[in-house]
Amino acid sequence: MDKTLTYIIVAFFILLALDFITRKIFNDKESTEIKKSTYRYFAKNTIMTERENKLFKQLNEILGNKWFIIPQVHLSALLNHKVKGQNWKAAFRHINGKSVDYVLLSKETMKPICAIELDDSTHNYKNRVERDAEVERIFAEAKLPLARFKNPEKLSRQDIVNTIAAAIKKVQ
């Protein structure tokens with residue numbers, strides 16, 4: 001009789017645990033669906049900061065005749081993550097949340113010529129320094145030039161051209 005009672009009690013707790021797990025799974029699904037439908041968004045007034053907008057205008061004045069200048073480009077739009085022998089999904093996730101401030105594109109082929117980063121004070125934070133180093137490594141490996149500017153407002157037009165030219169020459 002004691003063994004039977006023990007089996008009944010164990011079976012009861014197993015059923016209780018299965019019921020709890022089942023409810024948890026279905027409740028989480030339902031709450032996720034509800035959350036998705038209740039997310040709200042509103043349009044931003046601009047996609048760039050004031051400093052980014054100023055550099056964008058400078059780049060267009062200096063380089064706009066030769067190249068398209070595209071702001072706020074995600075790395076996943078620039079880089080092919082489908083490399084034989086690597087986990088494609090993980091490689092995509094690694095670059096998906098990262099972006100560069102501008103990309104120069106060939107007007108004829110739309111080929112990326114050079115990416116540009118505008119470094120502000122946030123680039124001094126430890127996590128941002130690590131992110132910047134990883135982005136530089138990725139761009140170097142992909143042989144895609146990356147130019148960085150800290151204070152473009154203090155640079156002449158020629159300084160800007162020279163910085164971009166040096167970045168392009170570095171990967172050739």
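Basis for what follows: all heavy atoms, side chains included, without hydrogens, waters or symmetry-related copies. Position 1 is the first residue of the sequence; numbering continues from there.
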* Structure fact -> OG1 of T49 to CD1 of I47, rounded to nearest 0.5 Å, is 10.5 Å
* Structure fact -> Residues at least two apart in sequence or cross-chain that pass side chain to side chain contact (heavy atoms under 4.5 Å, CB included) with V161, listed by chain then number, are I62, L63, Q158
* Asked: Which ring-ring contact (aromatic ring centres under 6.0 Å, His included) pairs, counting each pair once, include a residue from residues 86-114, with sequence neighbours left out?
  -> H81-F92
* What are the two closest non-hydrogen atoms of F139 and P145, and how far apart are they? -> CD2-O, 4.0 Å
* To do: Of all the heavy-atom pairs spanning L59 and I164, show the shortest one and how long it is.
  => CD2-CD1, 4.0 Å
* Any chance you could lay out the side chain to side chain contact (heavy atoms under 4.5 Å, CB included) test for V135 and L146, step after step, and finish with the verdict? => CA-CA 9 Å; V135 168; L146 176 64; 4.1 Å; yes
Single-linkage hydrophobic cluster [X]~[Y], side-chain heavy atoms < 4.5 angstrom:
X: I138; Y: I168; result: no
X: L55; Y: L104; result: yes
X: F68; Y: L78; result: yes
X: V73; Y: I69; result: no

Is any side-chain heavy atom of [X] closer than 4.5 Å to a side-chain heavy atom of [Y]?
X: V103; Y: I116; value: no
X: L75; Y: S99; value: no
X: N60; Y: K57; value: no
X: I160; Y: F149; value: yes

* **Any donor-acceptor pair under 3.5 Å from N151 side chain to K154 backbone** => no
* To do: Please check if the side chain of H74 supplies one atom and the backbone of N96 the other of a donor-acceptor pair under 3.5 Å.
  => yes
* Asked: So which pairs with a foot in residues 62-72 pass side-chain hydrogen bond (donor to acceptor under 3.5 Å, both in side chains), sequence neighbours left out?
  -> E52-Q72
Mind jotting down which residue pairs meet the salt bridge (Lys or Arg N to Asp or Glu O under 4.0 Å) criterion with at least one end in [range]? Sequence neighbours excluded, please.
range: residues 75-98; answer: none
range: residues 40-51; answer: E50-K54, R51-E153
range: residues 129-140; answer: E117-R131, K126-E130, R128-D132, D132-R148, E134-R137, E136-R148, R137-E141

Show me the donor-acceptor pairs, under 3.5 Å and distance only, between side chains in residues 105-114 and residues at least two apart or in other chains.
from	atom 1	to	atom 2	distance (Å)
S106	OG	E108	N	3.2
S106	OG	T109	N	3.2
S106	OG	T109	OG1	3.2
K107	NZ	G64	O	2.6
T109	OG1	K111	N	3.2

* **With sequence neighbours excluded, residues passing salt bridge (Lys or Arg N to Asp or Glu O under 4.0 Å) with D159** => none
